[in-house]
Amino acid sequence: MDGRAEIERPGPESVTIAGVMVRPGSRVVLRPRSTADILMRAVDGRRAIVEAIMEDLEDRVQLTVSLEDDPARSLGKGRGLGHRFFFAPDELEPLTEDGASRPPRRVLVAGIGNVFMADDGFGVGVAERLASCPLPEGVDVIDFGIRGMDLAFALNDGYHAAVLVDAMPRGQPPGTIEVLEPELDPDVFVGFEAHGMDPVGVLQFARQFGPVPDLLRVVGCEPQVVGDPEGQDVVAELSAPVRAAVDAAVPLIQRLVEELLDQLSQPIEGGHP
């Protein structure tokens, strides 16, 4: 092991990579970001076993791996004599139990709302903020605005989970954020409304034309001011409590996405040798 181990400490028990839970014992393929070094060129594309998950002093996660075909792996406790390598999570490609690589789990984060109707623009504001934030591979953040048909088509496009973000009047104090798990009624038919579909309505509409994600969440915010869609006045600003709710919703949704990816990884975890 190199000197980096001296400034590292044990990290989390597992990490999620491309929607797969990876932990010590998991099998991975090495995909170093840079192959300028001759050693990195030599191990690029090789299969390896995760030996440990560590964190450095700046809380960056590093995985210690050994090559699957390293002869020292058969030495039991003495296998520490073999070569160990350190990689960041995005430099590893998880393998399933049958040795096949698994495509990333796909998560859609959809911002919904009308930015010209005051607090109805909550979902759009959140999507704009999230679009500039680091998110795991396979996560798409899209501002759908009032384009209900586009959102319905996206929900039929092979996503494994979806988070719909919208203003949601539920009689709570303005700015209150709630996370709901919508229940869809298979016997309910919903017609298309070009500019007036709520999140659950979009989901009901989309499922009539194809499969929608298995994991669904709605992140709603109680509005303070909502414009009149039939009126002439344009209110293109969020109220103070809803602006604050946008700030709070961004890290909440980042955590929610990680939780959904963890759930998606449960049926197929990184294989064990």
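With sequence neighbours excluded, the residues satisfying side chain to side chain donor-acceptor pair (under 3.5 Å) with Arg129 are Asp247. Gln172 is linked by a side chain to side chain donor-acceptor pair (under 3.5 Å) to nothing, counting only residues two or more places apart in sequence or in another chain. Not counting sequence neighbours, Asp214 has no partner by the side chain to side chain donor-acceptor pair (under 3.5 Å) test.
Around CD of Glu237, the count of heavy atoms belonging to other residues, nucleotides or ligands within 6.0 Å does not exceed 12.
Considering CG of Leu92 and OG of Ser26, their distance stands at 10.0 Å, rounded to 0.5 Å. To the nearest 0.5 Å, atoms CG (Leu63) and CD1 (Ile17) are separated by 5.5 Å. Rounding to the nearest 0.5 angstrom, the gap separating the CD1 atom in Ile53 from the CD atom in Glu13 is 9.0 Å. Of the inter-residue distances, the one linking Leu135 atom CG with Leu261 atom CG reads 9.5 Å to the nearest 0.5 angstrom. One finds the CG atom of Asn156 at 9.5 Å from the CG atom of Leu151 (value rounded to the nearest 0.5 Å). Separation of atoms CZ (Phe205) and CZ (Phe153) is listed at 7.0 Å; rounding is to 0.5 Å.
For the pair Arg84/Val65, no side-chain contact is recorded, criterion being any heavy-atom separation below 4.5 Å from C-beta on. The shortest distance between side-chain heavy atoms of Ile112 and Val165 does not fall below 4.5 Å. Glu51 has its side chain within reach of Ser66: a pair of non-hydrogen atoms, C-beta onward, lies under 4.5 Å apart. Residues Glu128 and Val141 fail the side-chain proximity criterion, which asks for heavy atoms closer than 4.5 Å. Contact annotation: the side chain of Asp44 never approaches that of Leu30 to less than 4.5 Å [non-hydrogen atoms, C-beta and beyond]. Looking at heavy atoms from C-beta onward, Met168 lies out of side-chain contact with Glu222 at the 4.5 angstrom threshold. Annotation: side chain of Leu180 is not in contact with side chain of Arg217 (no heavy-atom distance under 4.5 Å). Residues Leu95 and Val28 fail the side-chain proximity criterion, which asks for heavy atoms closer than 4.5 Å.
Residues Ala127 and Gly111 come closest through the heavy atom pair CB-CA, 4.0 Å. Nearest heavy atoms, Pro32 versus Phe87: CB-CE2, 3.8 Å. Closest approach of Ala245 and Gly175 over heavy atoms only: CB-O, 3.5 Å. Contact detail for Leu238 and Ala118: the closest heavy-atom pair is CD2-O, 3.3 Å.
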Can you check side chain to side chain contact (heavy atoms under 4.5 Å, CB included) on Val22 and Thr16, steps first, answer last? CA-CA 6 Å; Val22 173; Thr16 299; over 6 Å; no
Using side chain to side chain contact (heavy atoms under 4.5 Å, CB included), reason through Val50 and Thr64 one step at a time and then give a plain yes or no. CA-CA 6 Å; Val50 175; Thr64 306; over 6 Å; no
Stepwise side chain to side chain contact (heavy atoms under 4.5 Å, CB included) check, Gln254 with Cys133: CA-CA 9 Å; Gln254 288 177 307; Cys133 295; 3.6 Å; yes
Apply the test side chain to side chain contact (heavy atoms under 4.5 Å, CB included) to residues Val218 and Val179: give CA-CA distance (whole Å), side-chain angles for both, the deciding distance (0.1 Å), then the verdict. CA-CA 6 Å; Val218 175; Val179 179; over 6 Å; no
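Put simply, the side chain of Asp119 never gets that close to the backbone of Val242: no donor and acceptor are under 3.5 Å apart. When atom types are taken as modelled, the side chain of Glu91 and the backbone of Arg33 share a donor-acceptor pair closer than 3.5 angstrom.
Applying salt bridge (Lys or Arg N to Asp or Glu O under 4.0 Å) to Asp69 and the options Arg47, Arg46, Arg27 leaves one that passes, Arg46.
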